[in-house]
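Here is how names work: the chains are called A, B, and so on, in the same order as the sequence lines, proteins then strands, and each is numbered from 1. Owing to the predicted nature of the structure, the values given are computational and were not obtained by experimental measurement.
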Protein chains: 2
Amino acid sequence: MAEDDRRGDEVLDTLRRHAKRITTAKRAVVGVLVDSRDHLTAEEVTREVQRSWPDVSPSTVYRILEELEDLALVVHSHAGHAAAVYHLAGRSHGHVTCEACHVTFEVPSDVFDLMAHELEASFGFELDRHHVALAGVCAACRTRRRAVP
Amino acid sequence: MAEDDRRGDEVLDTLRRHAKRITTAKRAVVGVLVDSRDHLTAEEVTREVQRSWPDVSPSTVYRILEELEDLALVVHSHAGHAAAVYHLAGRSHGHVTCEACHVTFEVPSDVFDLMAHELEASFGFELDRHHVALAGVCAACRTRRRAVP
DNA sequence: GTCAGTGCAAACGGTTTGCATGTTT
DNA sequence: AAACATGCAAACCGTTTGCACTGAC
């Protein structure tokens, strides 16, 4: 989709502007992130990249993800003990992860507003809405659980 | 403190009631958890236990923590990519972890009430308040940050 | 031609596991 | 005596790193 191409080009331009070299591996990683509406683990990104470029190594993917994150183009978050998930930086949002199906969802940032305010007022704690995913059980799994108890 | 002893005995009694054997290592792990007001990593528990019983191994500590957790006597939570922290199960509460000093704090469960309600109403998502720690910056580190910018 | 970027393999930290031995019941 | 719990060492997973080489500029 044209809009996605534009998004990808923006990312590559930012790399260029920071005197980073544009390589096949970087194009591929950015392509995967742009195409994916989901939050992917580094391993999933690697697997996806390797469908077209089989000898891009996992360590390269980690290094590219790190570089993109340093430039605030990519963001990762953690859920429980599982692998981190990465995605393109966009509008600010929070994460919730289902403990049953292990899928991470975005939720709008303002869901956190009241809690953030309370944490700040009561404890002086400044919430980082993005970085850690809340745990719980998603709607689909709750239904499934009721059906097969 | 007598109250702590009682708490420790309760835990050991529950173990007995579930036909688990009471060993030196278990007494020691329970003792450390009871004494500590903090949230400890498995490694910290091990180190503390080894001060009195140097040849209790890390794997045993992990196994004991797991057993205690299966009986709902202990709870662990994750913060970002760091090691999990364990503590005795008690009143329900949430966790917030400072990204600067890596200390995990408890916050009262009701801080999450409004957000939990909104997640449920809007997304059908059932929040597990306990299992994952929110990230952010604690009051002390924010002050420090302002002082030394 | 230079250097940042890469592949590979090895190391890492936190955690789990298989197995032979020791301890609780 | 029988079952369970433990120590040790090795495996595990996700991630990071050292090194020699390659390919973008």
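- In this structure, B:Leu12 places its CG atom 11 Å from P of C:dT25, rounding to the nearest Å.
- Remark: P of C:dG14 and CG of B:Leu65 are 15 Å apart, rounded to the nearest angstrom.
- Of the candidates A:Leu65, A:Thr104, A:Val45, A:Val45 is the only one forming a side-chain contact (heavy atoms from CB on, under 4.5 Å) with A:Leu40.
- B:His78 and A:His78 share no donor-acceptor pair across their side chains, judged by distance under 3.5 Å alone.
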**Item:** Dot-bracket line, read 5' to 3' along DNA chain D, where crossing pairs take [ ] and | marks a partner on another strand, Watson-Crick or G-U under 3.5 Å
**Value:** |||||||||||||||||||||||||

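- Aromatic rings of B:His81 and A:His76 (six-membered ring for Trp) have centroids beyond the 6.0 Å cut-off, not under it.
- Going from atom OH of A:Tyr62 over to atom P of C:dC12 covers 18 Å, rounded to whole Å.
- The NE2-P distance, from A:His18 to D:dC25, rounds to 16 Å in whole Å.
- The number of heavy atoms from other shown groups lying within 6.0 Å of CZ (B:Arg16) is above 12.
- In this structure, the CD atom of A:Glu43 is 16 Å from the C1' atom of D:dT16, given to the nearest Å.
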**Prompt:** How does protein reach along nucleotides 1-13 of chain D, written 5' to 3' as B (base within reach of a heavy atom under 4.0 Å), S (only sugar-phosphate), or - (no contact)?
**Reply:** --BBSBBB-----

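- Heavy-atom nearest nucleotides on DNA chain C were determined for B:Ile22 and for B:Ala82, and the one closer to the 5' end corresponds to B:Ala82.
- Residues A:Pro58 and A:Gln50 are in side-chain contact: their nearest non-hydrogen atoms beyond the backbone lie under 4.5 Å apart.
- Listed here is the closest heavy atom pair of B:Thr97 and B:Ala79: OG1-CB, 3.1 Å.
- Checked by atom type, the side-chain pair A:His95/A:Ser77 shows a donor-acceptor distance below 3.5 Å.
- With sequence neighbours excluded, the residues satisfying side chain to side chain contact (heavy atoms under 4.5 Å, CB included) with A:Thr14 are A:Arg17, A:His18, A:Leu73.
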